[in-house]
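These notes concern the structure reproduced below.
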Amino acid sequence: MVKLENMKNLSLSDSVINLDHGDPTAYEEYWRKIGDRCTVTIRGCDLMSYFSDVNNMCWFLEPELAEAIKELHAAVGNAATEDRYIVVGTGSTQLCQAAVHALSSLAGTQPVSVVAAAPYYSTYVEETTYVRSGMYKWEGDAWSFDKKGPYIELVTSPNNPDGTIRETVVNRPDGDEGKVIHDFAYYWPHYTPITRCQDHDIMLFTFSKITGHAGSRIGWALVKDKDVAKKMVEYIIVNSIGVSKESQVRTAKILKVLEETCKSETDNFFEYGHEMMKNRWEKLRGVVKESNVFTLPKYPEAYCNFFGKTLGSYPAFAWLGTKEETDLVNDLRRHRVMTRSGERCGSDKKHVRVSMLSREDVFNVFLERLGNMKLIKNIDL
């Protein structure tokens with residue numbers, strides 16, 4: 001009789017694995033061990049109103065979530081929250097769209113150019129082109145941008161897809177025409193050393209990539225300028241009339257537990273996540289080294305203020321390249337591995353973005369198939 005676990009392994013070994021998206025299921029085991037500490041009970045009569053706090057500009061933001069956000073950033077030391085407006089959104093995707101809309105609507109001239117340095121997060125292209133707005137226009141790679149007039153630069157740090165630490169790229173004498181949106185989805189201790197407390201005009205964060213709770217669809221923006229924050233809130237009101245209270249309450253509870261574990265010696269989430277990501281990157285680098293066909297970026301070590309020691313970076317995505325003149329996304333597809341083409345990120349066919357956040361069994365199958373590709377390439381050589 002075949003055991004259920006063996007049947008599961010057989011099924012996985014023969015199936016297509018999707019590492020194109022960044023579904024963060026890698027953290028399920030940690031939260032399973034946490035048990036009922038994150039359990040939230042919502043009665044039928046709870047959370048029925050549109051309104052959360054009528055005295056807050058972002059009136060659909062639950063006060064307990066706002067407090068949990070401030071406490072977590074203070075515990076980690078990765079972003080300043082003082083004298084800022086917190087805008088909650090249905091994930092950072094909605095917030096990025098709201099921020100682009102806000103900055104464009106406040107600009108003197110339209111359409112406003114939107115750029116990001118390649119390789120960039122491919123969804124930025126979709127976010128800025130899908131509705132065909134006359135207020136802004138996607139202009140591509142910030143490295144080559146030289147168009148006159150107002151512009152918005154999207155800066156993701158650590159960068160998605162290549163994991164590098166990023167600063168602004170566009171630098172011109174009329175810098176007042178430029179606005180910057182900083183996406184810090186991955187600026188957390190399990191992915192990269194926390195070298196400073198970030199302090200920018202617009203900073204975006206997402207619940208999904210911190211804890212893995214992507215299904216809750218919660219993100220938040222820390223915004224300095226009142227007019228920008230107001231415009232972002234207006235966009236979200238028109239787009240979705242606020243944000244789910246159930247998701248906010250659950251997020252607040254989990255962020256509170258997360259903040260409490262920062263002081264724990266036994267169940268520190270960031271310790272857990274850091275060790276898991278480090279282990280995965282070491283395994284992947286081992287396969288790549290043996291292949292002599294693939295390439296990965298190298299990341300410098302830095303002193304992490306959160307952990308109090310010098311550490312390396314272990315990004316949520318691997319920017320996998322090849323020394324061959326080939327279409328890597330199709331090569332991997334032939335081995336039943338789905339990845340995101342470098343072309344979608346403003347790069348080339350020789351690179352792909354690979355999610356490092358899958359379940360452990362899926363990740364191990366990926367390593368096995370990548371190793372097999374190495375053998376096939378060597379034979380061809």
Side-chain angles (χ1 to χ4, degrees), residues 8-9 12 17-35 37-38 72 75-76 78 158-165 184-195 205-216 254-255 257-289 296-302 304-320 337 339 353-371:
K8 177 182 176 182
N9 291 337
L12 180 60
I17 58 175
N18 192 335
L19 301 180
D20 178 349
H21 51 58
D23 198 24
T25 50
Y27 304 120
E28 282 182 347
E29 185 60 29
Y30 174 87
W31 294 109
R32 188 174 291 111
K33 291 179 180 178
I34 287 294
R37 287 175 61 183
C38 296
L72 181 61
V76 175
N78 63 340
N159 191 40
N160 174 359
D162 68 356
T164 57
I165 300 301
F184 288 124
Y186 306 97
Y187 191 58
W188 296 93
H190 45 335
Y191 300 125
T192 191
I194 304 302
T195 58
F205 295 89
T206 175
F207 186 40
S208 64
K209 295 308 187 292
I210 306 172
T211 66
H213 293 88
S216 293
I254 294 173
L255 291 186
V257 172
L258 181 59
E259 185 266 331
E260 291 171 355
T261 72
C262 289
K263 310 178 187 71
S264 173
E265 295 182 358
T266 57
D267 56 6
N268 186 316
F269 172 78
F270 291 118
E271 286 274 10
Y272 172 91
H274 177 266
E275 288 304 310
M276 183 193 71
M277 296 302 296
K278 179 182 178 181
N279 179 265
R280 289 191 175 191
W281 270 95
E282 288 176 347
K283 288 181 178 179
L284 177 58
R285 288 194 184 278
V287 172
V288 168
K289 184 178 180 180
L296 286 170
K298 293 182 180 179
Y299 307 107
E301 292 187 337
C304 178
N305 295 326
F306 178 79
F307 286 121
K309 56 185 176 181
T310 300
L311 299 170
S313 291
Y314 305 103
F317 295 99
W319 188 235
L320 184 68
V337 178
T339 58
R353 190 193 77 164
V354 182
S355 173
M356 298 289 286
L357 299 177
S358 66
R359 293 182 178 89
E360 186 72 14
D361 54 354
V362 173
F363 182 73
N364 289 333
V365 170
F366 162 63
L367 293 180
E368 180 182 352
R369 292 179 185 177
L370 194 66

Checklist entry - Which pair of heavy atoms, one from N305 and one from T195, lies closest together, and at what distance? => result ND2-O, 3.1 Å
Item to check | Residue pair Y27 / G273: nearest heavy atoms and the distance that separates them | outcome: CE2-CA, 4.3 Å
Checklist entry - Does S355 reach the main-chain N or O of L357 with its side chain, forming a donor-acceptor pair under 3.5 Å? => result yes
Item to check | Nearest atoms (heavy-atom pairs only) where L284 meets M356 | outcome: CD2-SD, 3.8 Å
Checklist entry - Does Y299 use its side chain to pair, donor to acceptor, with the backbone of P315 at less than 3.5 Å? => result no
Next on the checklist: Would you compute the distance between atom CH2 of W31 and atom NE2 of H213 and round it to the nearest 0.5 angstrom?
Outcome noted: 5.5 Å
Checklist entry - Just by modelled atom types, is the D20 backbone N or O under 3.5 Å from a matching donor or acceptor in the R353 side chain? => result yes
Next on the checklist: Which heavy atom of T206 sits nearest to which heavy atom of A185, and what is that distance?
Outcome noted: CG2-CB, 3.6 Å
Checklist entry - Quick one: do the T164 and D162 side chains pair a donor with an acceptor below 3.5 Å? => result yes
Checklist entry - Can you tell which of F269, Y314, Y30 makes a ring pair (Phe, Tyr, Trp, His ring centres under 6.0 Å) with H190? => result F269
Item to check | Closest heavy-atom pair and its distance - E259, A75 | outcome: CG-CB, 3.9 Å
Next on the checklist: Under the rule for side chain to side chain contact (heavy atoms under 4.5 Å, CB included), what residues qualify as partners of E360, not counting sequence neighbours?
Outcome noted: R280, K283, N364
Next on the checklist: Checking R37 now: which residues fulfil side chain to side chain contact (heavy atoms under 4.5 Å, CB included) with it, not counting sequence neighbours?
Outcome noted: I34, V257, E260, T261, D267
Checklist outcome for this item: Interatomic distance, CG@N160 vs NZ@K209, rounded to 0.5 Å, equals 8.0 Å
Checklist entry - Would you call R32 and E29 a salt bridge, taking side-chain N to carboxylate O under 4.0 Å as the test? => result yes
Checklist entry - Donor-acceptor pair, N159 side chain versus I165 backbone, under 3.5 Å? => result no
Checklist outcome for this item: Looking only at heavy atoms, the pair that brings Y187 and P193 closest together is CE1-O, 3.9 Å
Checklist entry - Any idea how H274 and F307 line up, ring-wise: parallel (<30°), tilted (30 to 60°), or perpendicular (>60°)? => result tilted
Checklist entry - Does atom NZ of K263 have more than 12 heavy-atom neighbours from other groups under 6.0 Å away? => result yes
Checklist entry - What distance do M276 atom CE and F363 atom CZ have between them, rounded to the nearest 0.5 Å? => result 9.5 Å
